[in-house]
Amino acid sequence: MINIDLPVGKRIYFASDFHLGVPDLDTTIEREKKLVRWLESIRSDAHSLYLVGDMFDFWFEYKYTVPKGFVRFLGKLAELRDAGLPIYFFTGNHDLWMFDYFQKELDIVIYRDPQELRIGNHKILIGHGDGLGPGDGFYKVLKTGLFANPITQWLFARVHPNLGMYLAHKWSKSSRIANMKRENFLKDENEFLFKYCVDVDKKEHHDFYIFGHRHLPLDLKVSENSRYINLGEWVNYSPYAVYDGKDIALKSFS
């Protein structure tokens, strides 16, 4: 649980699914520059920043090696942290092999599971969203039994980075986001993260549910006093959410 006393005039920002690395270098660099402009635009009133997974299309930390590139984005994060802005990083399904580099190098807190954020009388549940809700059983088995398995991670770390990164990017190129495909809204229980929020809210009320992963900017009513907000993605959109102490608004950066 994260408890925050939000000063008057300060805001909390949320964004996810930058997927830096796809579909190609030139597009990634342009998106990265846009992200840097957005980060600069929020620094004057930001109390804290929550990056809610899949910042990179693939990330793996070897003991002495991290993926090259993304220097503008990483540099801006370092600059904001050095200036005192708290930044929290939730791993997604594309960057779940993030270990301690961000914590040691950038002093950014890493979360691997959803967290509850309490601000005054508001309760906010935050997470990337992969593996939550009904369905997607094959991925859930893969995540638990393979991707999150320390043995699998140890074995992959034995692979030379040139080959390891090549194989990872080869796998990644088959994803929908790598092929610039936009998601469609699904109805009823097929919209699995919305269903997850409804089920959680029946057991424990939260004022807001903030997730990524779904790749659609969404702001949906979960119950009479509860909303589900999906942060969308930055390949086809440029969405983010901002909390001002009273409400959360889903916005687009241009």
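The first residue in the sequence is number 1, and the count goes up from there.
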List the steps and the verdict of side chain to side chain contact (heavy atoms under 4.5 Å, CB included) for Glu61 and Trp97. CA-CA 7 Å; Glu61 294 173 21; Trp97 282 354; over 6 Å; no

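- Salt-bridge formation is not detected for the pair Glu233/Arg214: no Lys NZ or Arg NE/NH1/NH2 atom is positioned less than 4.0 Å from an Asp or Glu carboxylate oxygen.
- Residues Tyr209 and Ile229 fail the side-chain proximity criterion, which asks for heavy atoms closer than 4.5 Å.
- At a threshold of 4.5 Å between side-chain heavy atoms, the hydrophobic network of Ile, Leu, Val, Met, Phe, Trp and Tyr places Ile126 and Leu193 in two separate groups.
- For Glu32 (side chain) and Gly69 (main-chain N/O), no donor-acceptor pair under 3.5 Å exists by modelled atom type.
- Screening Val109, Asp95, Thr91, Leu74 for a side-chain contact (heavy atoms from CB on, under 4.5 Å) involving Phe102 leaves a single residue, Leu74.
- Side-chain contact between Thr27 and Asp24 is present, with at least one heavy-atom pair separated by less than 4.5 Å.
- The heavy-atom pair separating Gly164 from Phe156 by the smallest distance is O-CZ, 3.4 Å.
- Counting only distance, with no hydrogens or angles, the side chain of Arg37 and the backbone of Phe253 share no donor-acceptor pair below 3.5 Å.
- Ring geometry, Tyr240 versus Trp38: the interplanar angle falls from 30° to 60°, so the pair is classed tilted.
- Between the NE2 atom of His206 and the CG atom of Asn225 there is a distance of 14.0 Å, given to the nearest 0.5 Å.
- Within the 4.5 Å cutoff, side-chain heavy atoms of Asp100 are placed close to those of Gln103.
- Side-chain atoms of Lys251 and Pro239, non-hydrogen and from C-beta on, never get closer than 4.5 Å to each other.
- For His122, the side chain to side chain donor-acceptor pair (under 3.5 Å) partners are Tyr243, not counting sequence neighbours.
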Are Ile210 and Leu125 close enough, and set up right, to give a side chain to side chain contact (heavy atoms under 4.5 Å, CB included), and what steps lead you there? CA-CA 6 Å; Ile210 299 181; Leu125 188 64; over 6 Å; no

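- The aromatic rings of Tyr228 and Phe211 sit tilted relative to each other, their planes meeting at an angle between 30° and 60°.
- Between Ser223 and Asp201, the closest heavy-atom pair is OG-OD2, 3.0 Å.
- Every pair passing side-chain hydrogen bond (donor to acceptor under 3.5 Å, both in side chains) that includes a residue from residues 65-81 is listed here, sequence neighbours excluded: Glu40-Lys76, Arg43-Glu79, Lys76-Glu79, Arg81-Asp107.
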Residues Asp199, Lys203; criterion salt bridge (charged side-chain N to carboxylate O under 4.0 Å, His left out); working and verdict: CA-CA 7 Å; Asp199 290 342; Lys203 300 174 183 177; over 6 Å; no

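- Interatomic distance, OH of Tyr13 versus CD1 of Ile87, reported as 13.5 Å (0.5 Å rounding).
- A salt bridge is absent between Lys10 and Asp5: the closest approach of a Lys/Arg side-chain nitrogen to an acidic carboxylate oxygen does not fall below 4.0 angstrom.
- If you chain together hydrophobic residues whose side chains sit under 4.5 Å apart, Trp234 and Ile42 fall into the same group.
- Tracing side-chain contacts under 4.5 Å through hydrophobic residues (I, L, V, M, F, W, Y), one reaches Leu117 starting from Tyr111; they form part of the same cluster.
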Verdict with supporting geometry, Phe18 and Leu35, side chain to side chain contact (heavy atoms under 4.5 Å, CB included): CA-CA 8 Å; Phe18 300 159; Leu35 285 167; 3.4 Å; yes

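- Note: Ser16 OG to His215 NE2 = 7.5 Å, rounded to the nearest 0.5 Å.
- Of all the heavy atoms in Arg31 and Gly21, the pair that sits closest is NH2-N, 4.1 Å.
- The backbone N or O of Gly127 lies less than 3.5 Å from no partner atom in the side chain of Gln115, so there is not a single donor-acceptor pair.
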Step by step, would you call Ile2 with Tyr50 a side chain to side chain contact (heavy atoms under 4.5 Å, CB included)? CA-CA 12 Å; Ile2 309 168; Tyr50 289 78; 3.9 Å; yes

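- A distance-only check finds no donor-acceptor pair linking the side chain of Arg112 to the backbone of Phe90 [under 3.5 Å].
- Once rounded to the nearest 0.5 Å, the distance linking CG of Leu231 with CG of Asp219 reads 10.5 Å.
- In this structure, Val242 and Phe14 have side chains that are not in contact, with every pair of non-hydrogen atoms separated by 4.5 Å or more.
- Of the candidates Asp130, Asn230, Asp17, Asn93, Asn93 is the only one forming a side chain to side chain donor-acceptor pair (under 3.5 Å) with His213.
- There is a path of hydrophobic side-chain contacts, each under 4.5 Å, that joins Ile119 to Phe208.
- The cluster map of Ile, Leu, Val, Met, Phe, Trp and Tyr, joined by side-chain heavy atoms under 4.5 Å apart, puts Met55 and Phe99 in different clusters.
- In this structure, the separation between OG on Ser226 and NZ on Lys221 is 10.0 Å, given to the nearest 0.5 Å.
- Closest heavy-atom contact between Phe192 and Leu132: CD1-O, 3.3 Å.
- Rounded to the nearest 0.5 Å, atoms OG (Ser254) and NZ (Lys34) are 7.0 Å apart.
- No more than 12 heavy atoms of other residues, nucleotides or ligands sit less than 6.0 Å from atom CD1 of Ile151.
- Checked against the 6.0 Å centroid threshold, His128 and His94 do not count as a close aromatic pair.
- Nearest approach of Phe73 to Val36, heavy atoms of both residues: N-CG2, 4.1 Å.
- In this structure, Asp207 does not pair ionically with Lys123, as no charged nitrogen and carboxylate oxygen lie closer than 4.0 Å.
- Each of Trp59, Tyr64, Phe60 was scored for a ring pair (Phe, Tyr, Trp, His ring centres under 6.0 Å) with Tyr62, with one residue passing: Phe60.
- Applying the side-chain contact (heavy atoms from CB on, under 4.5 Å) test between Arg227 and each of Asp247, Leu218, Leu250 identifies Asp247 as the sole match.
- Of all heavy-atom pairs spanning Tyr88 and Ser48, the tightest one is CE1-CB, 4.1 Å.
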